[in-house]
Amino acid sequence: MSIFKSKNTVSSDIFGRLLKSDALFIDREAMRPTYMPGALLHRGKEINDLASVLVVALRGETPSNVFIYGKTGTGKTAVTKFVGKELLKKGKETDKNINFVYINCEIVDTQYRLLQNITNHFINEWSERIPFTGWPTDEVYAKLKQLVDKDGGVTVIILDEVDKLKGDEALYNLSRINNYLEKAKISMVGISNDLKFTEFLDPRVKSSLGEENMIFPPYDAGELQDILKQRVDIALKPGSIDDDVVPLCSALAAQEHGDARRALDLLRISAELAERSESPKITKRFVRLAQNKIEIDRIIEVARTLPTQSKQILLAILLQEKHDNKTGGTGVITTGEAYEIYKGLCKKTRTDALTQRRVADLISELDMLGIITARVISKGRYGRTREIKMSSSSNDIMNILKEDEVFKELTNYKIRGQTRLI
DNA sequence: CTTCCACAGGAAGGTCTGGCGG
DNA sequence: CCGCCAGACCTTCCTGTGGAAG
């Protein structure tokens, strides 16, 4: 008790103050990507197409299997979940036995776990559920058949991110399950953002999964605007956003690939940044900041997961930049220079140095990831090389690199005779 | 104009890991 | 369990090249 009693009451009502600053939001959840709005805008055709395939379920027949393809943020998951919800609702109204199973194959990625998940959908008693491991796969399969048939209804299984599923055995078995069922019917909806995915499938699975194919086109800037406006009305208090913010977010996301998730992220982070700086309004300035923040977060994440050798090369480039900042240098470095510094680092950390050829390839990789910019230039008589510089946020990346075990004992390093502290 | 630097970047082959069918 | 093969990761060796210097 006593430890919570502070001697000098520094600040009495910190949360009160922070709460009061919540002047922008009404319903924060509406800006999250998982939020399901009441109406899905600009996907009327897609909803209709999918519904017209699945509608036969309401007549007790087996719907065709569907394969849905579309880039990220084109509403694939939202549309399928929405149609599924409506299907269940109609099923209840008309007293038809319909099951709707949604599975994300990125999380449930093996045949066993897939079967386990689907089967458990038909088991209400917790104690009777299929365990995570232990049963032979075909026993789970048999149990599924038995339960589904007992249930006797039409089951629609959604396999989101179906390309993440390891092996196509699971798909093959599932696609054949109808042959072994007495009364019940099963159909599948596969969702993927990888169009090439089906090329690698067993042709039998391919033809059965792709009885119907649907392609979700990206949203254009205007459509994204409508989607954002819809969320803004729910999420934000009136007058807390400038008129040009939504068009800007939409335009930026449309430039990418018409990714609605991206547009929403941009808007949400803009709002959060505005809130944090206690601004009464979300303005274009915050969108720019949000865009920057998203990019930096991405780069930091990439840097963190880089292989050690790439980190070491990155560190070499960073050290040169830091050195240049002190001495007023250009901050750019050639492949050869970077390689020399890198070799020195390798000696210090007692790791084997790669060849320059390999390092050059890794540098192009870092360039493609957007961590550095490297362009080929010719210095005439003095050769042809790549000019490398950090693209941004060197300090953040430096901090990430410091976390790595390999650099722990590396506290200083000499660059051209000068000791550089890391 | 030619020369020539300091690499770029292609080709081919080696090594190692991990999955897969028998 | 073993052999096989694909693919990631590297090395070695190589030819090609933009443009300042001569």
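By convention in this document, chain letters (A, B, ...) are assigned in the order of the sequence lines, proteins followed by strands, and residues within each chain are numbered from 1.
Spacing between atom CZ of A:Arg375 and atom C1' of B:dA6 amounts to 17 Å, rounded to whole angstrom units. Across the protein-nucleic acid pair, A:Leu362 atom CG and C:dA8 atom P stand 15 Å apart, rounded to whole Å. Regarding A:Ile333, its CD1 atom lies at a distance of 11 Å from the P atom of B:dC7, rounded to whole Å. For the pair A:Gln356 CD and C:dC13 P, the computed distance is 15 Å after rounding to whole Å. Across the protein-nucleic acid pair, A:Glu387 atom CD and B:dA8 atom P stand 12 Å apart, rounded to whole Å. For the pair A:Lys379 NZ and B:dC7 C1', the computed distance is 10 Å after rounding to whole Å. Rounded to whole angstrom, the span from the CZ atom of A:Arg386 across to the P atom of C:dG18 amounts to 16 Å. Rounded to whole Å, the distance from CZ on A:Arg357 to C1' on B:dA8 is 7 Å.
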Using distance only, find each side-chain donor-acceptor pair of residues 243-250 of chain A under 3.5 Å and give its atom names and separation, not counting sequence neighbours.
{"unit_1": "A:Ser250", "atom_1": "OG", "unit_2": "A:Gln225", "atom_2": "N", "d": "3.4"}
{"unit_1": "A:Ser250", "atom_1": "OG", "unit_2": "A:Val246", "atom_2": "O", "d": "2.7"}

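Cation-pi check for A:Arg28 over A:Tyr35 is not met; the charged atom does not lie both under 6.0 angstrom from the ring centroid and within 45 degrees of its normal.
With rounding to the nearest 0.5 Å, the separation of CD in A:Gln312 from SG in A:Cys346 is 4.0 Å.
Residue contacts shown for A:Ser364 are absent, as no nucleic acid heavy atom lies under 4.0 Å away.
Dashed line: the shortest gap from a side-chain N or O of A:Ser378 to OP1 or OP2 of C:dA20 is not under 4.0 Å. Under 4.0 angstrom from either OP1 or OP2 of B:dC7 there lies no side-chain N or O belonging to A:Thr335.
Candidate nucleotides C:dT11, C:dA20, C:dG16 were compared by shortest atom distance to the side chain of A:Arg381, and C:dA20 ranks first. Side-chain atoms of A:Val376 lie closest to B:dG9 of the nucleotides B:dG9, B:dA6, C:dT11.
Side-chain atoms of A:Asp226 and A:His42 form a donor-acceptor pair, as typed in the model, at a separation below 3.5 Å.
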